[in-house]
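Protein chains get the first letters and strands the later ones, always in sequence-line order, with residue 1 at the start of each.
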Protein chains: 2
Amino acid sequence: METYSIGEITKKTGVSIRTLRYYDEIGLLQPTKDPSSRHRIYTEEDILQLHKIMSLKFIGLSLEEIRQYIHQPTYDLTLKETLMLEKNMLEQKRRQLERSIQAIEYAITLLEEEGEIDSLLLMSLIRSIQTEDDQKRLMTQYLDQETVDAIFHNEELKQKENEMIKSYAQFVKQVHELYGLPTDHPDVQHMIETFLRSTFGLLSLETVEKITELLNQNQWDSFEWNEEWDVLSPLPFSKEEKQWLEQAMDDYMQRLEHMGIDMKESKEGENSGYEK
Amino acid sequence: METYSIGEITKKTGVSIRTLRYYDEIGLLQPTKDPSSRHRIYTEEDILQLHKIMSLKFIGLSLEEIRQYIHQPTYDLTLKETLMLEKNMLEQKRRQLERSIQAIEYAITLLEEEGEIDSLLLMSLIRSIQTEDDQKRLMTQYLDQETVDAIFHNEELKQKENEMIKSYAQFVKQVHELYGLPTDHPDVQHMIETFLRSTFGLLSLETVEKITELLNQNQWDSFEWNEEWDVLSPLPFSKEEKQWLEQAMDDYMQRLEHMGIDMKESKEGENSGYEK
DNA sequence: TCTTGAACCTCCAGTTGCGTTAGGGTGTAT
DNA sequence: ATACACCCTAACGCAACTGGAGGTTCAAGA
């Protein structure tokens, strides 16, 4: 029967010499040894075993788990349990990866657009993607499931993601610049209006109506940034900036009420003025 | 200014105490220490830093890389380079993951269908997915790029993947059962015909024609299983079974030639008989 | 004031799946 | 005899933690 040295196995299978010795060491694949030279001697059978190991490793099993299955000539339904678990693990990993990739894409877009980027802003963006699930969970404390889904799983919105990010970046920049001015200063109020318009302009009319409704029900107070939000996705502002911004928002809201303009109208004006 | 103990930070951020101490140890995040009690004291600033670390970790940077960026207040285009590289890495990982998931799905399907499964068969399937790229590379030695793509990126084929796998599993089973019979025995020839039909039945007519053409040009000899194929994706047969199968295949091909039936006709017959 | 228990501390070891030396043996061709 | 390719064991290193042992510190209750 044909036999092979460890180097030949490496050439045949691509598995490194070190790895083969390691598998021998941990008892996963133990070839016979030449008693005189102490060299490892691999048979065809060993090569098959090695292929089995590689397969099971490929689908994510640990060497320890592989050891449990390696000596069985056939696999039964106990393997299915393991595979189901593994599949779930891998799918979770994949979702994670997709988010990470998305976050990187955002970051790259911003860097290209702006050349330079505030580290807190970048962090804020990444975290908002990272904790999307938690954000949705938190939002359902204020809005119903349907509305939350409308905000997060909006196809149209996905198309315009880059726009949104840029407008957010602009907003952050302006807050840094304008901080210190009185909160009812025209420039400040204009900044807030621009930001709100570009944000709400991307949501459907019904969604905006629902949110407006809630705000009109004086739930605005309970909607203030609570601790939990900050933990998930901290805003790229200092404590003072945050307070200043909150005051400016209040001013804006009051001005809206005073003028009898609700957000629905604001959105309609926005749409007609914006979409060419 | 407000300060926090290590336990409070864990509650606020979800980062474990051990990890926080580790980050301190490697100099990534070093809070001040109470000189008398030696307890760590975290400030708001530290929490921000920690969030930065989590963000950069999320997008796949190593702690070592993070250290390079953590103290910069703004990021410039050098980060973009890093991010581009990271993105490529992550996308590669994602492709890998998708293949693994696919392989597991196949395996689960088979286990459900058959209840029990030959370990060599499972391995053969997983490896064929794992080494898809290499297989394509090897195939282009015999077929042109277009034809190879037609075989691998066939949408219709993806729909029927489960069918294919089952027919492959059946084939493997039958080879084990019938091994020993003369290679020109009707049962053996029927087995081969069934397998070829269910395989080629899923390819387009043009693709089959191209393959037939090649076979008719007497390139069949050079197409025999060479060593390299076996390394990539070993067949779930013993050496003897492989030889037997090769002989049976030759018999089948000769019978075809003798009868003046080429594979194109075979496919057409297959289609009319198979697709309801 | 003493005690209890939670929360904190340092230091050391272990995890996975290998890669990378260091220091030496074996086999064969020249 | 020696050069050279190949093989051996043994030990350390890696990333990013986790866990345990054994010892403080702190706040509250008896």
For each nucleotide in nucleotides 5-10 of chain D, reading 5' to 3', give B when a protein heavy atom comes within less than 4.0 Å of its base, S when such contact involves only the sugar-phosphate, and - otherwise. --SBB-

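- With sequence neighbours left out, the side-chain hydrogen bond (donor to acceptor under 3.5 Å, both in side chains) criterion links Q92(A) to no other residue.
- Under the side-chain hydrogen bond (donor to acceptor under 3.5 Å, both in side chains) criterion, the residue pairs touching residues 17-29 of chain A are S16(A)-T19(A), D24(A)-R40(A), with sequence neighbours excluded.
- An OP1 or OP2 oxygen of dT18(D) is reached within less than 4.0 angstrom by a side-chain nitrogen or oxygen of S16(B).
- For residues 87-99 of chain B, proximity to DNA chain C is found at no residue, defined as any non-hydrogen atom under 4.0 angstrom from a strand atom.
- Residues passing the side-chain hydrogen bond (donor to acceptor under 3.5 Å, both in side chains) test with K173(B), sequence neighbours excluded: E114(B).
- Summarising the geometry, atom OH belonging to Y179(B) is positioned 8.0 Å from atom CD belonging to Q243(B); distances are rounded to the nearest 0.5 Å.
- Once you apply a 4.0 Å limit to the heavy atoms of chain A, the touched nucleotides of DNA chain C run 5' to 3' over dG17(C) to dG27(C).
- Regarding R67(B), its CZ atom lies at a distance of 10 Å from the P atom of dA16(D), rounded to whole Å.
- Applying the side-chain hydrogen bond (donor to acceptor under 3.5 Å, both in side chains) test to K136(B) and every residue at least two apart in sequence or in another chain returns H153(B).
- In this structure, the separation between CG on L97(B) and CE on M89(A) is 10.5 Å, given to the nearest 0.5 Å.
- For residues 42-53 of chain A, every residue pair satisfying the salt bridge (charged side-chain N to carboxylate O under 4.0 Å, His left out) rule, not counting sequence neighbours, is listed here: E44(A)-K239(B).
- Side-chain contact of E65(B) with Y69(B): a donor-acceptor pair under 3.5 Å is absent, judged by distance alone.
- Contacts of residues 53-65 of chain B with DNA chain D (heavy atom under 4.0 Å): K57(B), S62(B), L63(B).
- Within the 3.5 Å criterion, the main-chain N or O of Q159(A) finds no donor-acceptor partner in the side chain of E163(A).
- Inter-axis angle, ends of the helix from dT1(C)-dA30(D) to dT30(C)-dA1(D), five pairs per end, rounded to 10 degrees: 30°.
- A salt bridge does not link R95(B) with E98(B): every distance from a Lys NZ or Arg NE/NH1/NH2 to an Asp or Glu carboxylate oxygen is 4.0 Å or more.
- Evaluation of the side-chain hydrogen bond (donor to acceptor under 3.5 Å, both in side chains) rule for T3(B) yields no partner, not counting sequence neighbours.
- The salt bridge (charged side-chain N to carboxylate O under 4.0 Å, His left out) check on D134(B) picks up R137(B), with sequence neighbours excluded.
- In this structure, Y23(B) reaches the dC17(D) phosphate: one of its side-chain N or O atoms is under 4.0 Å from OP1 or OP2.
- Residues S119(B) and T74(A) fail the side-chain proximity criterion, which asks for heavy atoms closer than 4.5 Å.
- The closest donor-acceptor contact from the side chain of E116(B) to the backbone of L111(B) lies at 3.5 Å or more, if one exists at all.
- Looking at E240(B) and S238(B), their side chains do bring a donor and an acceptor atom within 3.5 Å of each other.
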